[in-house]
Amino acid sequence: MDKLVISGGNPLVGRVKISGAKNAALPLMAATLLTRGKNRLANVPNLRDVRTMGRLLTTLGAKVNTRTDRIYIDTGGADGDEAPYELVKTMRASVLVLGPLVARRGVARVSLPGGCAIGERPIDQHLKGLEAMGCKVKLEGGYVLAEAKRLKGADIAMDLVTVTGTENLVMAACLAKGTSIIRNAAREPEVVDLCNALSEAGAEIRGAGTGTITIQGVKELAPLDHRVMPDRIEAGTYMAAAGITRGELTIVDAPLEHLTSVVGKLKEAGIRFQPTPKGLVVSARRAPRPVSIITGPYPGFPTDLQAQLMALMCLNSGSAVFQETIFENRFMHVSELRRLGAEIEVTGSTAVVKGVRGLKGAQVMATDLRASACLVLAALAAEGETHISRVYHLDRGYESIDQKLTSAGATVRREAEAGP
Ligand code: EPU
């Protein structure tokens with residue numbers, strides 16, 4: 001296991017290029033199972049989760065080849081139907097193969113993902129939607145067994161907004177007989193990217209990006225050939241990095257159109273944004289002003305940036321309030337931020353962050369992907385050295401983060417961590 005050692009206190013100055021979005025790449029890779037043939041995805045980030053999805057597709061019989069940021073997935077011989085526990089337990093997004101497998105193979109055995117560090121995360125809405133499409137669903141030995149000769153279009157009202165739930169049902173509905181309507185659908189840009197790729201391959205989808213998505217099933221889809229959208233969460237993280245270090249980063253390929261709520265909050269905090277031909281220049285000179293954040297489904301403030309904004313707010317000039325509405329346990333970073341000197345009180349799903357003048361390096365532990373990013377940000381601003389253990393979480397979702405930060409002047413090194 002690796003740890004990161006960060007010597008904080010330098011303003012970050014330089015250029016950072018945003019990679020393709022993890023949460024768009026994963027459903028797109030799963031969607032290749034709807035096709036038979038040679039799929040090509042470009043701008044795919046080199047991440048642990050992407051490699052895990054590649055392994056899962058290989059287990060299902062697909063041939064997966066990676067060349068720099070391109071992935072070629074040949075699904076011609078993808079005749080498997082089981083997503084095994086060993087892979088699903090390392091990545092919940094494995095559940096995204098469920099919809100495509102039942103739609104194309106008529107049968108799927110997918111290990112139940114179980115809870116994780118940030119919350120329970122059930123998949124009842126995925127299953128309810130598939131059942132509405134005529135799928136027989138059983139839970140047996142920790143696996144979901146799903147079967148349907150051919151799925152039938154259905155009118156599905158989701159009880160809550162779920163991103164991968166919407167994606168699973170959209171993918172399933174593409175090959176169903178008849179029309180499906182998904183109400184209370186997720187509007188996240190990653191859902192839209194998936195729908196665009198499917199439409200390019202012959203699917204008939206209307207309403208992506210709105211709360212109601214209508215899918216007219218077709219007999220077959222052509223292989224996907226798509227460029228993955230840039231990662232809005234990675235971009236937001238580097239914006240917060242410029243803010244917390246009072247530096248100036250030129251962010252290349254930042255998908256500003258998907259970051260309206262985030263940029264709004266950062267501007268309120270006093271961070272400056274200047275679009276230039278070379279990229280988006282994000283800079284800050286002084287302590288951030290306090291802002292209050294309530295996470296919500298898109299276009300609300302993303303839960304995946306809550307922890308990073310909290311790191312920034314540790315140094316605010318007053319008191320900032322955070323309300324987490326998506327996951328029940330997404331304040332795991334709070335106790336670690338306190339080790340660096342932050343003053344944060346948590347009551348239920350609300351955290352109040354009282355700004356302090358400075359943070360001091362310490363030993364901390366990463367508990368999940370976004371909590372790790374939050375600790376990296378805090379460490380970049382803290383005086384002295386911070387040792388962040390369990391950075392494998394970070395490697396699931398941030399491509400080359402050490403190199404990107406180092407090239408902007410951060411002092412970051414990766415060390416092998418001694419075992420227990
Ligand atoms: N939920 C249910 N039942 C369901 C599905 C979801 O109760 O059947 C609940 C969840 O427990 C949660 C809420 O609904 O409380 C929303 O969860 P959602 O299903 O939208 O989350 P997800 O699809 O599992 C995706 C991202 C997450 C991101 C969330 C919210 C991917 C691969 N993952 O997860 O990304 O936090 O949407 O935006 O797209 C990350 O990248 O760090 C990450 C965790």
Side-chain angles (χ1 to χ4, degrees), residues 19-31 45 47-50 52-53 56 88 90-99 110 112-132 137 139 144 156-171 182 184-194 211 228-229 231-237 258 261-262 294-308 324-330 332-333 349 366-374 392-399:
S19 302
K22 167 179 85 80
N23 289 348
L26 297 175
L28 284 163
M29 290 175 76
L47 297 171
R48 209 157 63 95
D49 275 7
V50 166
T52 305
M53 184 59 93
L56 176 52
V88 179
T90 64
M91 186 185 68
R92 293 184 52 85
S94 309
V95 75
L96 283 164
V97 301
L98 179 61
V110 176
L112 271 171
C116 78
I118 61 178
E120 284 263 329
R121 306 183 74 182
I123 56 162
D124 55 303
Q125 298 299 308
H126 304 229
L127 303 183
K128 184 181 123 174
L130 288 175
E131 280 177 328
V137 176
L139 300 182
V144 177
I156 303 161
M158 312 286 271
D159 294 340
L160 44 80
V161 178
T162 153
V163 177
T164 50
T166 302
E167 291 166 344
N168 240 333
L169 298 183
V170 165
M171 291 188 281
I182 303 172
N184 202 17
R187 292 183 279 166
E188 267 66 4
E190 293 77 12
V191 175
V192 178
D193 205 32
L194 171 68
V228 179
M229 60 180 277
D231 196 316
R232 64 193 168 103
I233 305 301
E234 189 195 17
T237 304
H258 302 145
S261 62
V262 175
I294 304 178
T295 61
Y298 190 84
F301 190 93
T303 173
D304 289 345
L305 279 169
Q306 176 256 109
Q308 299 89 318
E324 172 58 54
T325 72
I326 306 287
F327 292 113
E328 61 275 21
N329 194 21
R330 219 176 195 185
M332 301 277 279
H333 43 284
S349 57
T367 47
D368 74 75
L369 168 57
R370 307 303 170 187
S372 321
C374 146
Y392 59 88
H393 289 295
L394 201 60
D395 299 332
R396 294 184 48 194
Y398 287 90
E399 186 175 47

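These numbers were taken from a predicted model, which means no experiment stands behind them. Numbering of residues begins at 1 and proceeds along the displayed sequence. Counting convention: from 1, in listed order, for ligands and their atoms alike.
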Say whether, by atom type as modelled, one donor and one acceptor occur between the side chain of [X] and the main chain of [Y] under 3.5 angstrom.
| X | Y | answer |
| --- | --- | --- |
| Asp193 | Met229 | yes |
| Asn168 | Gly99 | yes |
| Ser372 | His393 | no |

message = Given Leu160, Thr162, Asp49, identify the one with the heavy atom nearest to atom 9 (C) of ligand 1.
response = Leu160
task = Can you figure out which of Arg370, Arg330, Gln306, Arg92 has its heavy atom closest to atom 44 (C) of ligand 1?
result = Arg330
So which protein heavy atom does [atom] come closest to, and at what separation?
| atom | answer |
| --- | --- |
| atom 21 (O) of ligand 1 | Phe327 CZ, 3.9 Å |
| atom 3 (N) of ligand 1 | Asp124 OD1, 2.8 Å |
| atom 13 (C) of ligand 1 | Ile326 O, 3.9 Å |
| atom 27 (C) of ligand 1 | Asp304 OD2, 3.8 Å |
| atom 8 (O) of ligand 1 | Gln125 N, 2.7 Å |
| atom 5 (C) of ligand 1 | Pro122 O, 3.2 Å |
| atom 33 (N) of ligand 1 | Asn23 ND2, 3.6 Å |
| atom 30 (C) of ligand 1 | Thr303 CG2, 3.8 Å |

Which of the atoms in ligand 1, numbered in the order shown and given with their element, are less than 4.0 Å from a heavy-atom of [X]?
| X | result |
| --- | --- |
| His126 | 8 (O) |
| Leu369 | 42 (O) |
| Lys22 | 40 (C), 41 (O) |
| Ile123 | 4 (C), 8 (O) |

message = Using a 4.0 Å heavy-atom cut-off, which part of Thr164 comes near ligand 1: side chain, backbone, both, or neither?
response = both
message = What I'd like to find out is whether the side chain of Asn23 reaches to under 4.5 Å of the side chain of Ile233, using heavy atoms alone.
response = no
request  = Report yes if some heavy atom in the side chain of Asp159 is under 4.5 Å from a heavy atom in the side chain of Lys128; otherwise report no.
outcome  = yes
Below 3.5 angstrom, do we get any N/O pair linking [X] and ligand 1?
| X | result |
| --- | --- |
| Val163 | yes |
| Arg121 | yes |
| Glu328 | no |

query = Residues two or more places apart in sequence or in another chain: which of them pass side chain to side chain donor-acceptor pair (under 3.5 Å) with Gln308?
reply = Thr237, Tyr398
Pairing residues for Arg330 by the side chain to side chain donor-acceptor pair (under 3.5 Å) criterion, not counting sequence neighbours = Thr303, Asp304
ask   = Cut-off 3.5 Å, side chains only: do His333 and Gln306 have a donor facing an acceptor?
value = yes
request  = Start with the C-alpha gap between Thr164 and Ile123, add the side-chain angles, then the distance that decides, and say whether side chain to side chain contact (heavy atoms under 4.5 Å, CB included) holds.
outcome  = CA-CA 9 Å; Thr164 50; Ile123 56 162; over 6 Å; no
inquiry  = Between Lys22 and Glu234, does any NZ, NE, NH1 or NH2 come within less than 4.0 Å of an OD or OE carboxylate oxygen?
reply    = no
note = Closest non-hydrogen atoms of Arg187 and Tyr298, given as atom of the first, atom of the second and distance, are O-CD2, 3.3 Å
